[in-house]
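Step one of this worksheet: look at the structure below.
Note that ligands are numbered from 1 as they come in the structure, with each ligand's atoms numbered from 1 the same way. None of the values given here were measured: they were computed from a predicted structure.
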Amino acid sequence: MDLKTKIANNTAVVGVIGLGYVGLPLMRAFNAAGFPVIGFDVDRRKIDALHKGQNYLKHLGGDDYIRQMVASGKFDATVDFGRLGECDAVISCVPTPLGAHLEPDLSYVEQTAIDVAKTLRKGQLVVLESSTYPRTTREVMMPKFEAKGLKCGEDYYLAYSPEREDPGRKDHNTQTIPKLVGGIDPVSGELATALYRKAIKQVIPVSSAEVAEAAKILENTYRAVNIALVNELKVVLQAMGIDVWEVIAAAATKPFGFQAFYPGPGLGGHCIPIDPYYLTWKAREVGHATRFIELAGEVNRSMPRYVVDRTVLALNDRSKAVRGSRILVLGLAYKPDVDDVRESPSFEIIEHLEQLGADVDYHDPHVPATHKMRHHDLQMRSIELTPEALAGYDCVVVATNHAAYDWPMVVKNAKLLVDTRGVTRNLAGDKANVVQA
Ligand SMILES: NC(=O)c1ccc[n+]([C@@H]2O[C@H](COP(=O)([O-])OP(=O)(O)OC[C@H]3O[C@@H](n4cnc5c(N)ncnc54)[C@H](O)[C@@H]3O)[C@@H](O)[C@H]2O)c1
């Protein structure tokens with residue numbers, strides 16, 4: 001049976017490589033659509049958890065989220081990449097981080113291509129979902145497959161489909177976020193589109209893998225640049241004594257031509273602080289600079305330092321040195337209501353404050369303890385958040401606006417509150433202890 005028929009009758013075995021924030025819900029979406037799925041990951045703990053019916057990504061739901069998949073009888077997960085040959089379609093969702101000098105680290109994507117190439121067979125479809133610069137699918141993945149003497153579009157098929165996952169979002173999920181698909185050649189594009197249409201409500205084919213790759217970078221650059229714009233405005237308006245949050249709310253009353261973006265303590269997450277730099281690196285190949293991306297990066301990367309400076313000044317106003325002060329940072333995750341701490345500005349804020357001699361703790365309802373990351377290893381545990389605990393700190397810095405926080409209680413008990421998220425704006429009562437940052 002050919003791939004087109006297997007897709008049409010839901011019997012194509014779908015392999016998903018990299019079972020993180022992107023891969024796990026994707027695998028489940030295909031399983032829910034009736035397809036047999038096999039998950040692949042190098043992290044044995046994830047594979048073991050899945051076999052036990054445990055969900056390690058809490059924002060997706062409880063263990064039932066996994067158990068339903070296991071109960072379908074059409075699910076398997078493994079660390080054995082030799083089994084990739086069992087799949088009719090293989091979708092790679094591995095990380096694409098930055099190296100120490102903001103250069104793309106495509107080692108995971110390359111490793112995936114090597115793994116897939118080992119068992120690549122006629123009729124297989126391979127799709128890359130990881131965010132990356134245009135031409136990665138063609139220049140990094142395809143050569144590994146062609147080296148086996150197989151021809152793309154005839155023997156096997158290759159496409160790119162960017163992931164647009166937004167963990168924690170309530171109004172959209174993997175199935176409802178429209179999906180772009182671009183093939184290395186028309187046949188690959190058509191097959192990948194047909195496959196995704198089985199699991200995702202709206203699939204938008206584009207003319208090439210490169211268009212799909214570049215569209216994802218455009219989406220993330222658009223956010224990075226606009227967030228930088230409001231972060232810069234925040235600094236200017238705060239110096240003028242004007243409330244940036246009220247200004248944004250006022251501008252957002254315009255029914256067209258304006259989209260509200262909000263300032264914060266810096267950029268976080270796996271995508272927006274990272275993906276645009278993939279294009280910056282690639283653009284040099286064609287002799288161009290990506291000035292908007294670099295300027296936005298400069299502004300956004302300066303924000304944790306700005307928050308620390310405002311904190312130091314606020315303590316100074318109260319005749320306190322930052323050295324020896326007890327400071328509590330609220331929120332370690334990079335955005336509300338998730339446990340994802342990748343690239344979170346909270347880490348930099350904590351490290352800067354500690355370098356200045358402060359005694360720093362954190363609280364995050366979703367992150368009970370820190371773990372070793374690429375650039376940070378804080379080795380801290382979340383404190384218990386009580387009115388008494390809050391009152392024991394010289395300063396409380398709001399870094400993440402988790403819904404679980406009781407802001408009136410926080411404002412009431414903190415001696416000094418540095419608000420980077422505008423959470424205190426609409427609170428009634430005395431806010432003499434609040435400083436915006
Ligand atoms: N998280 C998001 O919301 C999101 C949104 C859009 C795009 N993306 C992009 O999707 C990609 C994956 O992101 P993520 O957030 O799911 O990352 P993640 O870290 O949550 O998951 C990646 C998984 O890949 C596994 N892995 C690493 N190397 C591997 C290998 N060689 N073979 C198999 N598995 C391997 C890791 O163990 C991990 O489980 C990245 O390119 C990211 O930029 C993520």
Which atom names give the shortest non-hydrogen contact between Ala159 and Thr137, and what distance separates them?
-> O-CG2, 3.9 Å
Could you list which atoms of ligand 1 come closer than 4.0 Å to a heavy atom of [X]?
X	answer
Phe81	32 (N), 33 (C)
Pro167	3 (O)
Lys216	6 (C), 7 (C)
Cys271	4 (C), 5 (C), 6 (C), 7 (C), 8 (N), 43 (O), 44 (C)

Suppose we measure from [atom] to each protein heavy atom; which comes out shortest, and what is that distance?
atom	result
atom 42 (C) of ligand 1	Ser131 OG, 3.9 Å
atom 14 (P) of ligand 1	Arg342 NH1, 3.7 Å
atom 44 (C) of ligand 1	Val22 CG2, 3.2 Å

Out of Glu146, Gln124, Arg121, Lys151, which one pairs with Tyr156 under the side chain to side chain donor-acceptor pair (under 3.5 Å) rule?
-> Glu146
Ligand 1 to [X] polar contact by distance, N or O atoms, under 3.5 Å:
X	answer
Gln111	no
Arg164	no
Thr96	yes
Asp43	no
Asp115	no
Thr112	no

Main-chain N/O of Ala333 paired to Asp364 side chain as donor or acceptor, under 3.5 Å | yes
Would you confirm whether Asn10, through its side chain, and Ala33, through its main-chain N or O, come within 3.5 Å as a donor-acceptor pair?
-> yes
Name the one of Asp2, Asp88, Asp155 that satisfies salt bridge (charged side-chain N to carboxylate O under 4.0 Å, His left out) with Lys122?
-> Asp155
Close approach, Glu129 and ligand 1, non-hydrogen under 4.0 angstrom | no
Where does the angle between the aromatic ring planes of His270 and Tyr21 fall among parallel (under 30°), tilted (30 to 60°) and perpendicular (over 60°)?
-> parallel
